[in-house]
Amino acid sequence: MRRSRYLLNTLKETPKEAVVVSHQLMLRTGMIKQLASGIYTYMPFGLRAIRKVERIVREELDRAGCIELLMPSVQPAELWEESGRWKDYGKELLRIYDRKDNAFCYGPTHEEVVTDVVRREVRSYKELPLNLYQIQTKFRDEMRPRFGLMRGREFIMKDAYSFDVDDTACDASYWLMFDAYKRIFERCGLEFRPVEADSGAIGGSFTHEFHVLASSGEDQILSCNHCDYAANVERCEVVEPSPSSPETANEPIKVATPGQKTIEQVAEFLGVTAKDCVKTLLVKRDSDMLVLALRGDRTLNEAAVKAAFNLPVLEMVGEDEARALGLVPGYLAPMGLDPSLKVVVDPEVLAMTEAVVGANEEDRHVKGVCPAVHFDAHQVMTLREAEAGETCPRCREGILESWRGIEVGQVFKLGLKYSTSLGATYLDDQGKSQPMVMGCYGIGITRTVAAAIEQNHDENGIIWPAQIAPFHVALLNLDPEDEQVSAAADSIYSALGKRGVEVLHDDSTERPGFKFKDADLLGFPIQVVLGKRSLNQGLVDLKMRRTNEKRSIALAECVDAAVDALRELGWE
RNA sequence: CGGGGAGUAGCGCAGUCUGGUAGCGCACCUGCUUUGGGAGCAGGGGGUCGCAGGUUCAAAUCCUGUCUCCCCGACCA
C-alpha cells in the first residue's frame, strides 16, 4: 500500500477530549473517528489492527473446536422476557421499536439468542458438547462512555457459548477455553494475567478475567511470583494470622489525644505506627449500621463488604449522623458500644496485643488494648485488601506482586440459568430430558487493541507487537523524485510482499524528518529507510521501533534482514 | 443520575466581560527555496460562531430554552 494513496491522516496535536494514551494515539494516528459519545468509526489503519486480533481469535477458537456463526445484532424483546432480562438488564440495554411498535433491543450480549438457536437445533447428548462463537458489534448504553475504545458504547466483541451434558463436561469446556484464551493473548504479543474473579449474582462455581498489564489499567490485580495464583485486588484472598491469646492481655490505659482524629495523627501523637492502631469505620446498612474494625494501615475491601452484607452500594455514615446516635467520630472503638450495633472485626486485628483504639469519647484514645479480649466482635471476617509483598494465599511460598490491568476477556461458567429459563434441553442416553450446562466466554476485540497500545507505546507513539501491527514495515522513500531510489523502493516493496510482509510504502514528498516522526507515531515494528545518500553506497537502513536500534544493510540483503527481524519480534 | 467544564474552519485555540466588517497556529491548495528527525517565504481556499427563540438599528458577544461533547463521582461483562 502506498502512503500517498491510503486514507491515513495523522495529527501532530492531541485532541483535547482524549485523556488516556490509547485514545490519544488512536486519534493522532487516525485509527478511529468519533461519531457520537462512545461510538467510533474504525478507520482503515485501525481496522487492520482489529482484523489481526480477530484472526488470531478465530484461529485459536477453531483449533479448540469452537464453531463460528453470526447472530443478529437486533433481538426481539420476547426472548429477553423469557430469560427475565428484559426487566433486569436496566438502562444499559438499548431498546428500540419497529414500525409496528414491537420491542427489540440492540444486543449487548447473546445468551438468549444462542440458547434459542441451540434449543431448536440440538436434541441428543450425541450432539454435545457444542461451543458456538461469533465476532460481532455489541451495544451497551454505558452511563459514562470514556477512554475511547477502552469503554465505548458500541464495540466489537467475540462471544462464545458452550453447551454440555453435565457439570463435569462443562468444566472441561471451560478449561479448554481458558487455555485457548492464554494462547490468544500470547499470540497477540501481550503481557497478561488470567485472574480469579467473583462469579457474582448469577452464581456458578468459578470465573476468570484476563487482564492485559498496563500502568493505566483500571483494575489492580495481585499475582504470585511462584505459582499461578492471580486475583483482582477486590477478591484477592489473604493469609490470616492466628488470634493472640487472652493471657497476653494487659489492662488498657486511657490517654488524652486532643484533636487527634486520623490514624496518622494518633499514631504520630502517641509515637506508634499505623499498624499499632485499629481503624473503626461505620457503614450504612438498611435501617442500621455496621461497625467495621481493621488495622490502621490497611485498606477496606469495599467489594467484600458489599458482597458479605448484600449492600448494593457502600456508604459511610456521616459525622453528623454518627453524633446524632451518640457516637464520637475520630474516637471510635468497637467496644462498649450499643449491643444492637453489629461489630465486624478483621482477623488481623484479633492478632494484635497492644492496640491503640478510640475511647468512644472526645479527645481520648485507649492504649494497650487486646482486641481478642476487649472487643465485642459479632463476626470475624476479612475486611482488608491484600497488598503487594504478602505471602501468596494459595501456595504460601511466593510473594504477591501488584499490577494494573485492563480486563480484555472473561471466561464464565453459567450453569443452568439460560438453559432452564429458555428450555434448552437434550435427551440423555436413558432417553431422559436434561437441561444443558452452559458457559460463556467473551473477548473485547476493540478493547484488546486499545489495551495493546496502553501497554506498548512511548513518547513518540505506538509500538505495535508484530502480531497485531496494522502493517509490519514502514518503507520510507526519502527521495521519491530520484528514479534509482524509487526503483529500489518498489523492488523492496514487492519482495517483502512476496514473503507475506505487509508494508506501507511512504512515497510521499514530505521531508525526511516528517516521515520518521510519522512512522514512529504509527508504530510499525520495523522501518526500512531508503535515501540516495546511503543508497549511493548500496545501503539501506533498518530501524527497530521498540529498541530504536538502527542498522545499515546492503540493499540486496535488506529483505531477508527485515523478515528475520520480524520473526525475532514474534511475527508468524 | 449528581457535580464541574466546553461548543467559533478538519485539529488546537483567541475573540464573548464592554454588541459594530470573524481571527491565529497546525492541516489543506499554488509557487519558489529547502531536503536523514514533524522546514522557510509568498499567495490562496475553507466557518449556518451547536440549535431555536427573544432583545437591539445591529448579536459569536446580552436574555431564555434546548441539544451535544468532555471531566470527576455513582454504575459496569
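So you know, we letter chains A, B, ... as the sequences are listed, proteins then strands, and number each from 1. This structure is a prediction, so every number in the text was calculated from the model and none was measured.
At least one cation-pi condition fails for A:R545 and A:W464: the charged atom is not both under 6.0 angstrom from the six-membered ring centre and inside a 45 degree cone around its axis. Under a cutoff of 6.0 Å and an axis angle of 45°, A:R95 and A:W86 form a cation-pi pair. A cation-pi arrangement is present between A:R48 and A:F471, with the terminal nitrogen or guanidinium carbon under 6.0 Å from the aromatic centre and inside a 45° cone about the axis.
Base-pair partner of B:U35: not found among the strands shown (Watson-Crick or G-U wobble, both distances under 3.5 Å). Searching all strands for a Watson-Crick or G-U wobble partner of B:A6 with both distances below 3.5 Å returns B:U68.
In this structure, A:F147 atom CZ and B:C70 atom C1' are separated by 11 Å, rounded to whole Å. A straight line from CD1 of A:I39 to P of B:C69 spans 8 Å, rounded to a whole angstrom. Rounded to an integer number of Å, the gap from A:I406 CD1 to B:C76 P is 20 Å. Rounded to whole angstrom, the span from the CG atom of A:L35 across to the P atom of B:C69 amounts to 10 Å. Separating the NZ atom of A:K16 from the C1' atom of B:G4 is a distance of 14 Å, rounded to the nearest angstrom. The CG atom of A:N536 sits 14 Å away from the P atom of B:G36 (whole-angstrom rounding). At whole-Å resolution of the value, CD in A:E302 and C1' in B:G73 are 13 Å apart.
The A:R151 side chain lies nearest to B:C76 when the options are B:C70, B:G37, B:C76. Distance from the side chain of A:E510 is smallest to B:C28 among B:C28, B:G37, B:C71. Across B:G36, B:G37, B:C11, the shortest atom-to-atom separation from the side chain of A:V529 is found for B:G36. Side-chain proximity of A:S37 to the nucleotides B:C75, B:G37, B:C70 is greatest for B:C70. Nearest nucleotide to the A:R511 side chain, out of B:G37, B:C70, B:A39: B:A39. The side chain of A:Q34 sits closest to B:C69 out of B:C28, B:C69, B:C26. When distances are taken from the side chain of A:K543 to each of B:G36, B:G37, B:A74, the shortest belongs to B:G37. The side chain of A:R146 lies closest to B:C71 when the candidates are B:C69, B:C71, B:G36. Distance from the side chain of A:M143 is smallest for B:C75 among the nucleotides B:C76, B:C75, B:G38. The side chain of A:R144 sits closest to B:C72 out of B:G38, B:C72, B:C75.
For B:C75, the OP1/OP2 oxygens have a side-chain nitrogen or oxygen of A:K306 closer than 4.0 Å. Contact check, A:Q527 against B:G37: no side-chain N or O comes under 4.0 Å of OP1 or OP2.
A donor-acceptor contact under 3.5 Å is formed by the side chain of A:R28 with the base of B:G38. You won't find any donor-acceptor pair under 3.5 Å spanning the side chain of A:T14 and the base of B:G12, going by distance alone. For B:G25, its base sits under 3.5 Å from the side chain of A:E13 at one donor and acceptor pair at least.
Contact annotation for A:E407: base contact, defined as any heavy-atom pair under 4.0 Å involving a base atom. Nucleic acid contact for A:L27: none, since no nucleic acid atom lies under 4.0 Å from a heavy atom of the residue. As judged by a 4.0 angstrom heavy-atom cut-off over every strand, A:G442 is placed among residues making no nucleic acid contact. As judged by a 4.0 angstrom heavy-atom cut-off over every strand, A:D541 is placed among the base-contacting residues. At a threshold of 4.0 angstrom between heavy atoms, the contacts of A:D518 include nucleobase atoms, whether or not backbone atoms are also involved.
With respect to the salt-bridge test (charged N to carboxylate O, under 4.0 angstrom), the residues A:E142 and A:R144 do not qualify. Salt-bridge annotation for A:E112 and A:R85: present, with a side-chain N of the basic residue lying under 4.0 Å from a carboxylate O of the acidic one. The pair A:R533-A:D479 does not count as a salt bridge, with every side-chain nitrogen at least 4.0 angstrom from each carboxylate oxygen. Salt-bridge formation is detected for the pair A:E59/A:R187: a Lys NZ or Arg NE/NH1/NH2 atom is positioned less than 4.0 Å from an Asp or Glu carboxylate oxygen.
When the C1' atom is compared between B:G3 and B:A59, the two are found 31 Å apart, to the nearest whole Å. Separation of the C1' atoms belonging to B:G46 and B:C29 is 11 Å when rounded to the nearest angstrom.
Map A:R140 and A:R533 each onto its nearest nucleotide of RNA chain B; the residue landing nearer the 5' end is A:R533. Residues A:K33 and A:F514 both approach RNA chain B. Their nearest nucleotides, taken by heavy-atom distance, put A:K33 toward the 5′ side.
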